[in-house]
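Read through the structure below, which is laid out as structure tokens, and then see the notes.
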Amino acid sequence: MTKNSKVRINQYNPSEIEKKWPRKNLTSRLRLPASRSRGAISRGKQEYSPSLIESKWQSIWKKEKIYSPNLDKAKKPFYNLMMFPYPSAEGMHVGNMYAFTGADVYGRFQRMQGKDVFEPIGLDGFGIHSENYAIKTDKHPAKQAEISEKNFYRQLKSIGNGFDWSRTVETYDTSYYKWTQWLFIQLFRAGLAYRKKAPVNFCPSCKTVLADEQVLDTRCERCNSLVEKRDLEQWFFAITKYADPLLANIDKLDWSEKVKIAQRQWIGRSEGTLIRFKIKDLRIKNEIEVFTTRADTLYGATFIVLAPEHPVSAAIKDSKIRAYIEKAKEIQKSLEKDKEKTGVFTGLYAINPLNGEEIPVWIADYALMDFGTGALFGDAHDERDVKFAKKYKIPLTPTLITGDKEFDKKILSLEECFTGYGTLIDSGPFTGLDSKQAMKRVAEWLKKHNAGDFEATYHLRDWLISRQRYWGPPIPMVYCKNCADQKLSWFSMAEENEHKVSSSKHKVLSKDENILDTKYLIHNTDMVGWWPVPEKDLPVELPFIKDYKPLGIHSASSGQAVKAPLASHPEFYRTKCPKCGMNARRETDVSDTFLDSAWYFLRYVSTEFDSVPFDEARVKKWLPVNMYIGGAEHSVLHLLYSRFITMVLKDLGFIDFEEPFARFRAHGLIVKDGAKMSKSRGNVVVPDQYVKKFGADSLRTYLMFMGPFSQGGDFRDTGIEGTHRFLRRVWALAQKSISNSKLLISNEGKRAVNKTIKKVTEDVSNLSYNTAIAGLMEYYNFLSVQKEVSKEEIEVFLKLISPFAPHIAEELWSILGNKTSIHKSQWPTYDEKYLVSDEVIIAVQINGKLREVLKIKNEKLKMKNDIEQLAKESAKIKKYLEGKQIKKVIYVEGKIINFVIV
RNA sequence: GCCCAGGUGGCGGAAUGGUAUACGCGGUAGUCUCAAAAACUACUAGCCGCAAGGCUGUGUGGGUUCGACUCCCUCCCUGGGCACCA
């Protein structure tokens with residue numbers, strides 16, 4: 001190669017190239033018929049110009065629809081999905097691009113394995129995050145959505161992913177949220193959507209209630225404000241009904257382990273015993289139910305503690321106690337956890353069913369209504385109980401010892417509070433048992449005497465679904481006062497309703513098998529007066545209103561309520577009752593964003609269908625999703641809600657699978673200078689400038705090379721320069737090989753190429769993209785020192801790199817004379833027989849320390865004696881062995897020989 | 001407090017119990033150039049040594065093993081999840 005051509009190949013100057021190949025020129029070229037436009041844009045030229053080839057190939061791919069599989073005819077469907085983005089912020093940052101690229105690499109790999117890969121994209125554009133952003137930019141959310149959509153789709157296109165752009169889904173589109181509303185109605189009918197008044201999380205800044213999952217350490221996940229506990233009537237989804245199947249299925253999922261652990265923890269099943277304590281005072285008939293995980297300490301229970309909201313607490317009339325209850329509720333609302341616990345004696349006594357002892361019933365602020373039964377028994381083996389008992393001079397009886405005499409002395413004198421498992425003492429017939437046996441025996445005893453049973457309780461709460469905001473799907477329910485006065489409800493009309501919908505193909509639960517449980521409907525037993533909007537009237541369109549901003553809490557005579565923006569619009573909420581035809585009122589709350597995203601994967605395969613939410617045949621063919629990639633921050637939000645909705649749809653007979661995502665992998669987080677990217681830190685990296693300067697291929701390759709995909713990495717400008725240099729070298733190398741079509745691959749070359757295919761194939765399968773790229777770099781280094789590189793070698797190389805750098809691979813592939821896309825080509829395979837080298841390197845160790853490296857012909861490998869002899873002949877080794885006695889020789893074939901000497 | 005993940009050169013990171021630091025970044029020197037940039041070549045864990053070579057090294061301290069970044073135990077630190085959970 002001449003000096004001049006060398007310079008020309010390596011020089012990369014975008015502005016120069018732009019001058020040479022102005023945009024106008026490019027577009028005119030693109031109007032050429034596909035057959036002619038395929039081929040090098042820089043025919044005869046040798047510069048690598050990302051901006052030219054990337055936009056060129058993106059157009060051709062779109063025109064040739066290589067990423068739009070025929071959803072009905074595909075033979076090997078592979079649904080490759082990444083979590084769709086919130087288009088709320090200023091645009092996509094490299095973190096988003098990282099996730100999408102990682103998923104896309106996998107999709108491209110599968111496509112080259114012969115799969116019909118469906119990789120859709122859309123926008124999760126309804127909801128608080130988008131609305132908050134709109135408020136910030138002082139634009140109407142609908143207007144802002146338009147702007148964001150355009151910007152996001154432009155950015156997403158620029159990174160060259162294999163998205164099927166013919167099937168986008170935007171959650172704020174009427175044709176989509178019509179079916180989100182439909183979904184709500186299905187849940188309502190199944191008794192899984194209900195209203196109740198409950199202490200809920202209220203964000204004073206977002207001016208709406210939030211689900212438990214959206215509260216992080218007492219703060220709003222969106223705006224970080226401290227949330228407040230408020231008693232409000234809200235819509236809930238009874239996800240707790242599915243706690244057990246949601247938990248059980250986790251074991252069967254091929255998901256990132258840490259996400260599975262997080263879900264198990266969030267569902268938080270704890271097994272224990274439910275104990276019924278009779279109350280001595282006959283005027284109150286109630287029993288008190290107590291849940292415990294430590295039934296072994298029941299014999300030593302010396303008091304009962306009720307939560308301030310407990311029904312028995314509520315029944316107490318004494319004014320002093322009432323005053324305490326109100327105060328305690330306030331304290332609990334403040335969510336302060338470290339405050340000293342307070343309590344008050346109710347004057348009531350309960351009877352310990354195990355030993356018949358009368359024990360006092362207290363109310364205290366450390367008992368929580370939303371865990372277990374809202375009541376607990378106090379004993380000497382719980383630190384909070386002991387602290388409380390000491391403060392109020394309640395006696396304590398230790399019933400567990402450890403066998404360590406010194407320590408037991410302290411336990412018995414109440415100097416130490418022992419909370420572990422031990423041996424029971426002073427426990428009547430249970431004395432002498434160990435804790436685990438005792439828990440079982442006690443529960444059995446209680447069951448036999450009708451005073452309790454084994455029971456599980458959960459951390460999971462029902463999903464609070466209503467939001468007092470504007471930018472979401474209006475909840476498709478109508479409240480009719482006339483019907484309410486007559487105590488009419490959808491459920492009281494269940495028979496009639498069942499008849500009405502029996503012609504539709506899904507199963508409707510009869511009244512008896514209704515999942516609805518009165519436990520959830522304490523305050524509003526039959527949901528009287530509430531009717532779903534008839535399906536034919538969907539969608540309930542979100543009207544365009546100017547005063548869309550949240551209003552927050554207002555007090556009415558009936559108590560506190562949060563007013564939704566739509567509640568100021570009679571033209572929206574005034575309607576006729578679908579049941580009796582009288583004047584009625586629409587629900588003015590909208591549903592949670594997470595409902596929008598809990599079923600979108602079903603819609604992608606059905607975008608052209610208007611009369612159904614999702615097409616049965618398509619869903620059958622494409623779902624569950626084969627590979628789902630997204631952020632670990634959705635471990636217990638989106639991923640749990642999607643699983644729940646999918647299970648419900650299965651139970652209602654709409655689909656025939658329970659789990660939406662067969663395989664899920666969480667990607668890592670991209671940080672900048674060691675810190676999480678955030679606007680406040682000012683270290684958000686926007687991909688556009690890098691795409692412009694280095695090209696999407698360089699950025700993609702860099703992002704995937706930075707570190708393990710599951711762990712994320714630290715973004716640095718100098719790093720991307722490295723991968724850009726690499727691609728330029730690849731470009732130059734390919735030019736070198738164009739004319740070498742007849743060259744045969746050497747033996748050494750065969751070994752290298754087979755080794756590389758093996759490594760890249762395995763690594764990409766495992767999403768170990770960083771090491772796959774390292775393998776490709778090594779292979780490049782090997783090829784670049786060869787005198788000549790064959791066309792075959794470079795073609796394999798291009799195929800292997802094509803998932804990471806799809807444009808340059810396609811361009812060079814085309815320059816090499818290929819007429820069809822590299823992305824539709826067959827992934828290379830390797831042959832084990834070429835992996836064996838005829839020369840092997842053996843490390844020689846003395847007592848485990850490396851002393852010499854031997855090169856040995858392969859055929860000698862199997863013979864330990866030969867190797868040992870060879871090693872002993874080495875001058876270096878001789879020196880070490882001289883005068884020493886060899887105790888042992890360890891030989892690992894093809895790797896190591898170790899002399900153990902005295 | 002409980003549950004995960006992790007701690008390796010100047011930096012990002014590689015290593016089925018078998019040659020620790022692959023690959024890349026950065027750095028140093030050189031080639032090319034009037035010069036610079038780019039590109040290319042060589043070196044680049046630390047210490048001692050002109051060299052040959054040797055010693056020390058994967059957060060800490062111990063253990064198992066012929067051999068440990070890898071397995072077991074102790075402790076320390078970082079990141080994440082959960083937490084007034086009875």
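So that the names make sense, note that chain A is the first sequence line, chain B the second, and so on, each numbered from 1.
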Distance test, side-chain N/O of A:Arg716 to OP1/OP2 of B:C11, below 4.0 Å
no
Rounding to the closest angstrom, what is the interatomic distance between B:G9 and B:C47 at atom C1'?
14 Å
Would you check if there is a donor-acceptor pair between the side chains of A:Tyr458 and A:Asp244 at a distance under 3.5 Å?
yes
If I pick the P atom on B:A38 and the same atom on B:A14, what distance separates them, to the nearest angstrom?
28 Å
Geometric class of the A:Tyr98/A:His667 ring pair [parallel <30°, tilted 30-60°, perpendicular >60°]
perpendicular
To the nearest Å, how far apart are A:Ile801 CD1 and B:C23 C1'?
13 Å
With rounding to the closest Å, how many angstrom separate the P atoms on B:G12 and B:G7?
12 Å
Name the pairing partner of B:U41, where a pair is Watson-Crick or G-U wobble with both distances under 3.5 Å, or state none.
B:A29
Which part of the nucleic acid, if any, lies within reach of A:Asp370 when heavy atoms closer than 4.0 Å are counted: base, sugar-phosphate only, or nothing?
nothing
Which part of the nucleic acid, if any, lies within contact of A:Gly374, taking any heavy atom under 4.0 Å across all strands shown: a base, the sugar-phosphate backbone alone, or nothing?
base
Take the angle between the ring planes of A:Phe418 and A:His381 and call it parallel below 30°, perpendicular above 60°, tilted in between.
perpendicular
Just the rounded figure in Å: distance from C1' of B:G12 to OH of A:Tyr98.
12 Å
For A:Ala632, answer base if it contacts any base atom (sugar-phosphate contacts may also be present), sugar-phosphate if it contacts only those atoms, and nothing otherwise; contact means non-hydrogen atoms under 4.0 Å.
nothing
Once you apply a heavy-atom cut-off of 4.0 Å, does A:Glu778 come out as touching a base, just sugar-phosphate, or nothing?
sugar-phosphate
Span that lies between the P atom of B:G10 and that of B:A22, in whole angstrom
14 Å
Return the value, rounded to whole Å, for the distance between atom CD1 of A:Ile846 and atom P of B:C55.
12 Å
How far, in whole Å, is B:G46 from B:U70 if one measures between their C1' atoms?
23 Å
Quick one, A:Lys387 with A:Asp382, criterion salt bridge (charged side-chain N to carboxylate O under 4.0 Å, His left out). Give me CA distance, side-chain angles, the key distance, then yes/no.
CA-CA 9 Å; A:Lys387 218 168 164 186; A:Asp382 179 284; over 6 Å; no
Please report the distance separating the P of B:A68 from the corresponding atom of B:G18, rounded so that it comes out in whole Å.
11 Å
Side-chain-base donor-acceptor pair under 3.5 Å for A:Gln845 and B:G67:
no
May I ask you to verify whether the side chain of A:Lys849 and the base of B:U19 hold a donor-acceptor pair under 3.5 Å?
no
Check the orientation of A:Phe388 and A:Trp362. Use parallel for under 30°, tilted for 30 to 60°, and perpendicular for over 60°.
perpendicular
With sugar-phosphate meaning primed atoms plus P, OP1 and OP2, does A:Arg264 contact a base, only sugar-phosphate, or nothing at under 4.0 Å between heavy atoms?
nothing
Whole-Å distance separating the CZ atom of A:Arg725 from the C1' atom of B:A39:
10 Å
Looking only at the side chain of A:Arg384 (C-beta and beyond, no hydrogens), which of the listed nucleotides B:C85, B:A15, B:C82 gets closest?
B:C85
If you look at every strand shown and take non-hydrogen atoms under 4.0 Å, does A:Leu669 touch a base, only sugar-phosphate, or nothing?
nothing
Let's test this: given Watson-Crick or G-U wobble pairing with both distances under 3.5 Å, identify the partner of B:G17.
none
Residue matched to B:U60 through Watson-Crick or wobble contacts both under 3.5 angstrom:
none
Of the listed nucleotides (B:G18, B:U19, B:A83), which one gets closest to any side-chain atom of A:Val892?
B:G18
What is the base-pairing partner of B:C82, counting Watson-Crick and G-U wobble geometry with both distances under 3.5 Å?
B:G1
Using the glycosidic torsion, which applies to B:G9: syn (within 90° of 0) or anti (everything else)?
syn
Report the relative orientation of the aromatic rings in A:Phe694 and A:Tyr690; use parallel for angles under 30°, tilted for 30 to 60°, perpendicular for over 60°.
parallel
Expressed in whole Å, how much space separates the P atoms belonging to B:U60 and B:C76?
15 Å
Anything under 30° is parallel, anything over 60° is perpendicular, the rest tilted; go ahead and classify A:Phe377 against A:Phe277.
tilted
Phosphate OP1/OP2 of B:C4: any A:Lys258 side-chain N/O under 4.0 Å:
no
To the nearest Å, give me how far apart CD (A:Gln265) and P (B:A5) are.
12 Å
Rounded to whole angstroms, how far apart are CZ on A:Arg729 and P on B:C25?
6 Å
Which part of the nucleic acid, if any, lies within contact of A:Asn898, taking any heavy atom under 4.0 Å across all strands shown: a base, the sugar-phosphate backbone alone, or nothing?
base
How would you label the contact of A:Gly372 with the nucleic acid (heavy atoms, under 4.0 Å): base, sugar-phosphate, or nothing?
nothing
Would you mind reading off the distance between A:Phe694 atom CZ and B:C25 atom P, rounded to a whole angstrom?
12 Å
If the C1' atom of B:G49 is compared with that of B:G13, how far apart are they to the nearest Å?
32 Å
Go through A:Lys341 and A:Asp385 one step at a time and tell me if the salt bridge (charged side-chain N to carboxylate O under 4.0 Å, His left out) criterion holds.
CA-CA 10 Å; A:Lys341 308 309 175 197; A:Asp385 291 347; over 6 Å; no
How many Å lie between OH on A:Tyr769 and P on B:G13, as a whole number?
18 Å
Does A:His459 make a side-chain N or O approach to OP1 or OP2 of B:A83 shorter than 4.0 Å?
yes
Can you tell me if A:Asn781 touches the phosphate of B:A22, counting only side-chain N or O atoms and a distance under 4.0 Å to OP1 or OP2?
no
Phosphate OP1/OP2 of B:A83: any A:Tyr366 side-chain N/O under 4.0 Å
no
Touch class at under 4.0 angstrom, heavy-atom based, for A:Asn770 against every strand present
sugar-phosphate
Please determine, for B:G6, whether a Watson-Crick or G-U wobble partner exists with both distances under 3.5 Å, and give it or none.
B:C77
